[in-house]
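Heavy atoms only: backbone and side chains are in, while hydrogens, waters and symmetry mates are out. Residue numbers count from 1 along this sequence.
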Amino acid sequence: MGRRRQFDVRWQDEGTESMTHNIDTMSDDDWPAVRAIYATGLATGLAAFASTPPTQSDWNASHLSVGRLVTRVDGMVRGWDALTPIADT
């Protein structure tokens, strides 16, 4: 997926401990965690019209190859984002 970049973001909400969140380029190894987070969102019935997460190949086909990021806390994927193409109309 190209060159990997990592950014460290540190913040602290009032009354909580400071945590470091690492924003990193998504890799194929991240797919199980991304799929689990996706499934958790779908289970709410509010996230999308789908009821089950897609396969990795279907997900890859529906998202751009750039702009795929994960957020890690203590080395574990805790969030993700990815860009999808839209019609230019």
Legend entry - For Thr71, side chain to side chain contact (heavy atoms under 4.5 Å, CB included) partners two or more places apart: His21, Ile23
Inset, instruction - Check whether any side-chain heavy atom of Met26 lies under 4.5 Å from a side-chain heavy atom of Val70, and answer yes or no. - result: yes
Inset, instruction - Considering non-hydrogen atoms only, spot the tightest contact between Arg68 and His63 and give its length. - result: NH2-O, 3.0 Å
Legend entry - Leu64: partners by side chain to side chain contact (heavy atoms under 4.5 Å, CB included), with sequence neighbours left out: Val66, Leu83, Pro85
Inset, instruction - Tell me, please, which residues at least two apart from Asp58 pass side chain to side chain contact (heavy atoms under 4.5 Å, CB included). - result: Pro54, Thr55
Atom pairs and distances, donor-acceptor, side-chain atoms in residues 31-49, under 3.5 Å, two or more places apart:
unit_1, atom_1, unit_2, atom_2, d
Thr40, OG1, Ala36, O, 3.0
Thr44, OG1, Gly41, O, 2.6
Thr44, OG1, Leu46, N, 3.1

Inset, instruction - Identify which one of Asp29, Asp24, Thr25 satisfies the side-chain contact (heavy atoms from CB on, under 4.5 Å) criterion when paired with Ser27. - result: Asp29
Inset, instruction - State the CH2-CZ distance between Trp80 and Arg72, to the nearest 0.5 angstrom. - result: 14.5 Å
